[in-house]
Structure formats: C-alpha cells, structure tokens
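These notes are about the structure you will find just below.
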Amino acid sequence: MPAALAGLTVAAMPMRLSVHTSLRAFLLLFGLASSAAMLFITARVTTAVGSLAERSLESTAFALAFAVESALLAGEQAEEVQRILSDRVVAYALVADAQGTILFHTNPELVGSRLPAAEAEPPRPVAGRPGGQRLRLGTQAPAFAFSYPLRSRQDRPELLRLVLHTAPVDRIAGEAQGLWGGTAALLAVLWALAIGLERILARQLRLQADLARSERLALVGQMTATLAHEIRNALGSTKGFAQWVDEKTGPEDPRKAGLAAVLAGTERIDGLVEGLLLYARGERYCLAPVDAGQALRQAAATCPQPGCTTVEAPDRIRVLGDAEKLHRVLANGIRNALEAGGDGAPVRLVARPAGRRVLIRIEDRGPGIPADSAARLFTPFFTTKAAGTGLGLAYARKVIEGMRGEIALANRDGGGAVLSIWLPRG
C-alpha cells in the first residue's frame with residue numbers, strides 16, 4: 001500500500017507538468033496573437049493617416065484651384081484671386097500660359113516673367129488632368145506642388161500652379177507614427193504582466209503540488225510507521241529464533257546454510273523497513289554552509305573502496321545544505337557508482353561553481369542507464385539492482401529538493417553515468 005501511494009506522487013508529476021506546459025503555451029499564444037493584432041491595427045492606422053494626409057493636400061489644392069478657376073471665368077479681378085490664395089497654407093501660386101509666361105503670381109513683382117527652367121516641367125498635368133507631387137522649397141521646407149489646367153474664356157491653355165505648405169499635415173502624420181512607440185510600450189507592459197502572471201501561477205501550482213505531496217507523504221509515513229512496527233515485531237521473533245537455532249546447530253549440519261539464508265533475509269527486510277521509514281518520514285533541515293569538497297571526501301571515506309575515488313573541488317567552495325542529510329545522499333551516490341563500475345573502476349567526484357549554485361557530480365565508468373529506465377529512476381521502489389530497495393534515489397531527490405536544490409541522473413559521454421546535484425552557494 002505505501003508503494004502504491006508513493007507511486008501516486010510520481011504519477012501526479014506529469015499531470016502537473018502538463019498543466020504548467022499548457023498554461024505557458026496558452027499565455028504565449030495569447031501574447032503573440034495580441035501583439036500581432038496590436039501591430040496590425042497600428043500599421044493600418046498609420047497607413048490610413050498618411051493616406052488621408054496626402055488626400056487632404058490634394059483636396060485642399062483642388063478646392064483652391066477650382067475657386068480660382070471659377071473666379072477667372074466669372075471675370076473677377078486679380079485682387080479676388082489674390083484673396084482666394086491668401087490662405088496661409090499657400091506658399092505661393094501662379095498662372096502661366098502655354099509659353100511659360102506668368103500671367104498671375106501671388107508675388108505681383110513676378111507677373112510677366114517667365115517660369116524658371118526648374119519649374120517649366122514638373123509637375124505638369126498628366127494628360128490634361130490635375131496632378132501634384134512633393135518637393136522642397138528653396139528654404140528646404142517641405143511643400144506640395146499642384147498643377148491644374150485652367151479653362152479660359154479665350155480658349156487659350158493656361159496652367160495654375162499651387163505650392164502648399166505641408167508642415168501641418170506632416171505633423172499629423174508624424175503623430176500617427178508616434179503610435180508605434182506607444183504600441184511598443186504597451187506591448188512591453190503586457191508581456192511583463194504575462195510573464196509575471198505565468199510565474200505567479202507556476203509558483204501556485206508548485207505550492208499546491210508540494211502541499212499535495214506533503215499530504216501523501218504524511219499518509220505514507222503514518223501507514224509505514226504502523227506497518228514497520230508490526231513487521232519488526234514479527235521479524236524480531238523470527239530473527240531471534242533463527243539466531244538461537246543457528247547457535248545450537250553444528251557447522252557440519254546441512255541446516256546451517258538454510259539458517260544463514262533466513263538471517264540474511266531478515267537483515268534485508270529490516271533494511272527495507274528502515275529505508276522506507278527514512279523516505280516516508282517528515283524531514284527538518286538545518287541549513288548551513290557546507291564545504292562541498294570536504295563533504296565529498298568524507299562520503300567517499302565511508303564507502304568500501306575509498307581508493308577508487310578521486311575528488312576535484314576548489315578550496316572553500318561551499319553549498320547551503322544540511323550536512324548530515326547531504327552526507328547520506330553523497331555516500332549512497334558514491335556507493336552506487338562504485339557498484340556500477342565494478343572492482344577497481346574509478347569514480348570521479350567533482351564540485352565546481354555553476355552561477356549562483358554549486359554543481360556536484362559523481363561520475364562512474366559502469367554500463368550506463370538503460371533507455372527504458374531513465375524516466376523512472378527517482379520513482380520509489382524502482383531499482384535496476386538485484387539487491388536494491390529502490391528508495392535510495394527517491395530519498396536523495398526528496399532531500400536535495402528539500403534543500404532547494406536539483407538532482408539528475410543521466411548517461412555521460414564516453415560511457416558510464418553521472419549523478420548531478422545543484423545546490424545554492426553557501
């Protein structure tokens with residue numbers, strides 16, 4: 001029953017990961033869709049404002065040209081035409097005949113002169129239709145030149161040239177372009193809010209998962225304590241009777257081997273119960289700076305083959321952890337590495353800085369991890385060893401995560417496996 005409950009803890013992890021992944025995907029898609037929509041709307045608005053600005057120039061020029069033409073056809077004097085063209089948007093205006101002689105100009109001193117060569121051609125009406133184009137005045141001010149073919153009572157071709165200031169229109173178009181800056185600022189705020197929301201929700205999911213895991217572990221611990229008490233009572237009687245019979249049995253008695261197997265079995269069951277209690281109990285952590293290199297050397301010294309380990313760690317590289325629990329995790333990891341490599345195979349122990357954390361690696365030269373076992377390595381009661389209990393890595397993960405660290409086991413380049421532990425710097 002405890003194994004089933006512990007399995008539920010692991011089985012719930014993919015579900016939580018799936019929820020978190022779906023949440024992040026939704027926020028990402030929503031952010032991208034919103035950003036694309038805002039950029040599209042901004043582009044349409046700026047384009048529309050620019051187009052309206054150009055049309056307003058043409059409309060203003062056409063209205064003035066039509067008013068001038070109407071005044072001339074009505075026989076109005078030059079004063080009336082001058083009044084029509086006195087709008088401050090008009091830089092200057094002129095009427096010229098087919099030979100380029102200026103018949104009217106907003107500057108009266110230029111009447112009777114010839115159009116300059118630079119103004120004799122563009123912007124002429126195309127196929128007798130009004131037309132205009134942008135240019136710059138001699139003062140480098142932006143302007144819009146509009147050419148309009150006039151109808152004359154004397155049936156003589158005449159040309160009306162209007163040059164309008166574009167500064168007011170350009171200012172409106174520039175303000176519309178300023179929408180890009182506002183849109184960028186708004187997008188930055190929205191993305192910041194989305195990232196903040198994602199982190200808050202992810203933290204909430206982690207807290208809920210930790211709470212659910214704690215509740216399940218508490219239930220496992222209660223059941224384990226009860227079962228362990230009953231198992232140990234029965235096991236104590238069995239072990240005591242087997243030891244008594246073994247003491248009374250001579251070395252040549254064939255029952256001696258059977259009694260040895262019984263005693264070994266009771267030791268194995270007792271070890272399994274002890275490991276289960278260790279995994280299921282609630283842990284309290286006494287976090288303090290721990291020298292990583294010294295912790296590796298002490299853990300290696302407790303293993304059966306300390307001469308097969310090499311420690312590579314800079315001086316005074318410290319992690320923030322519980323020294324006793326970290327020692328237990330490291331000793332178990334080194335023992336597993338020595339068993340995986342076999343007799344005489346070296347085990348490399350490394351501690352080095354990794355940003356704000358310290359990375360501890362236990363590298364062996366064994367056969368590595370089978371592909372079908374990689375996903376279940378930290379699952380309680382799963383083991384690839386014939387005599388393993390399947391609780392060592394599960395307990396290691398529980399302890400390392402309790403010390404705000406991370407743990408992973410994977411194959412290494414060149415053969416073998418590596419147990420990686422990341423802990424905060426002390």
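In this chain, numbering begins with 1 at the start of the sequence shown.
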The ring-ring contact (aromatic ring centres under 6.0 Å, His included) partners of His105 (sequence neighbours excluded) come to Tyr92

Drop me the distance from Glu158's CD to Glu69's CD, to the nearest 0.5 angstrom. 10.0 Å

Measure across Arg425 and Pro353 and return the closest heavy-atom pair with its distance rounded to 0.1 Å. NH1-CB, 3.9 Å

Are side-chain heavy atoms of Pro424 and Arg356 found at a separation under 4.5 Å? no

Main-chain N/O of Ala300 paired with Thr309 side-chain donor or acceptor, under 3.5 Å: no

Short side-chain to backbone donor-acceptor contact, Ser34 and Gly31, under 3.5 Å: no

After noting the C-alpha distance and the side-chain angles of Leu419 and Asn336, does the key distance pass the side chain to side chain contact (heavy atoms under 4.5 Å, CB included) rule? CA-CA 10 Å; Leu419 180 68; Asn336 289 341; over 6 Å; no

Sequence-distant partners of Ile400, side-chain contact (heavy atoms from CB on, under 4.5 Å), two or more places apart: Leu326, Val329, Met403, Ile407, Ile421, Leu423

Using modelled atom types and a 3.5 Å cut-off, is there a donor and acceptor pairing between side-chain atoms of Asp246 and backbone atoms of Leu259? no

Under 3.5 Å, which donor-acceptor pairs do the side chains of residues 357-366 form with other protein atoms, sequence neighbours left out?
{"residue": "Arg357", "atom": "NH1", "partner": "Glu406", "partner atom": "OE2", "Å": "3.3"}
{"residue": "Arg361", "atom": "NE", "partner": "Glu363", "partner atom": "OE2", "Å": "2.8"}
{"residue": "Arg361", "atom": "NH2", "partner": "Glu363", "partner atom": "OE2", "Å": "2.9"}
{"residue": "Glu363", "atom": "OE1", "partner": "Arg348", "partner atom": "NH1", "Å": "3.0"}
{"residue": "Glu363", "atom": "OE2", "partner": "Arg348", "partner atom": "NH1", "Å": "3.1"}
{"residue": "Asp364", "atom": "OD1", "partner": "Gly366", "partner atom": "N", "Å": "3.0"}
{"residue": "Asp364", "atom": "OD1", "partner": "Ala417", "partner atom": "N", "Å": "2.9"}

Show me the side-chain donor-acceptor pairs of residues 176-188 shorter than 3.5 Å, one per line, residues at least two apart or across chains.
{"residue": "Thr183", "atom": "OG1", "partner": "Thr42", "partner atom": "OG1", "Å": "2.8"}
{"residue": "Thr183", "atom": "OG1", "partner": "Leu179", "partner atom": "O", "Å": "2.8"}

I want to check something: taking the side chain as every heavy atom from C-beta on, are Glu58 and Phe144 in contact at a cut-off of under 4.5 Å? yes

State, with a plain yes or no, whether a side-chain heavy atom of Tyr285 is found less than 4.5 Å away from one of Lys325. yes

Roughly how far apart are Thr302 OG1 and Ile334 CD1, rounded to 0.5 Å? 7.0 Å

Cationic N near anionic O, under 4.0 Å, Glu339 to Arg335: no

Output all residues satisfying salt bridge (Lys or Arg N to Asp or Glu O under 4.0 Å) with Asp291, sequence neighbours left out; order by chain, then residue number. none

side-chain contact (heavy atoms from CB on, under 4.5 Å) partners of Leu32, counting only residues at least two apart: Leu28, Trp191

Rounded to the nearest 0.5 Å, how far does CD of Gln294 lie from NE2 of His327? 11.5 Å

Go through it in stages, so that I can follow the logic: the residues are Thr310 and Leu349, the test is side chain to side chain contact (heavy atoms under 4.5 Å, CB included), and I'd like the CA-CA distance, side-chain angles, deciding distance and then a yes or no. CA-CA 6 Å; Thr310 59; Leu349 311 177; over 6 Å; no

Hey, could you give me each pair passing salt bridge (Lys or Arg N to Asp or Glu O under 4.0 Å) that has a residue in residues 37-54? Not counting sequence neighbours. Glu54-Arg134

State which residues pass ring-ring contact (aromatic ring centres under 6.0 Å, His included) with Phe62; sequence neighbours excluded, sorted by chain then number. Tyr148

Using modelled atom types and a 3.5 Å cut-off, is there a donor and acceptor pairing between side-chain atoms of Asp322 and backbone atoms of Cys286? yes

Working for side chain to side chain contact (heavy atoms under 4.5 Å, CB included), residues Phe66 and Leu160: CA-CA 10 Å; Phe66 184 77; Leu160 171 63; over 6 Å; no

Check side-chain contact (heavy atoms from CB on, under 4.5 Å) between Phe241 and all other residues, then give those that pass, not counting sequence neighbours. Trp244, Val245

CG on Asn332 to CG on Leu393, rounded to 0.5 Å: 7.0 Å

Please determine if Glu80 and Arg83 form a salt bridge, counting it only when a charged side-chain N lies under 4.0 Å from a carboxylate O. yes

Can you tell me how far the CG atom of Leu330 sits from the CZ atom of Arg328, to the nearest 0.5 Å? 11.5 Å

Could you give all pairs that pass the side-chain hydrogen bond (donor to acceptor under 3.5 Å, both in side chains) test and reach residues 233-243, with sequence neighbours left out? His229-Asn233, Lys239-Glu267

Report the C-alpha separation of Leu64 and Leu164 in whole Å, then their side-chain angles, then the decisive distance to 0.1 Å, and conclude whether the side chain to side chain contact (heavy atoms under 4.5 Å, CB included) test is met. CA-CA 10 Å; Leu64 290 172; Leu164 308 180; 4.2 Å; yes

Hits for side-chain contact (heavy atoms from CB on, under 4.5 Å) against Arg199, two or more places apart or cross-chain, chain-then-number order -> Ile195

Nearest 0.5 Å, please: how far is CD in Glu198 from CG in Leu205? 9.5 Å

Taking side chain to side chain donor-acceptor pair (under 3.5 Å) as the test, write out the residues that go with Gln82, two or more places apart. none

Counting distance only, does the side-chain N/O of Ser51 pair as donor-acceptor with the main-chain N or O of Ala48 below 3.5 Å? no

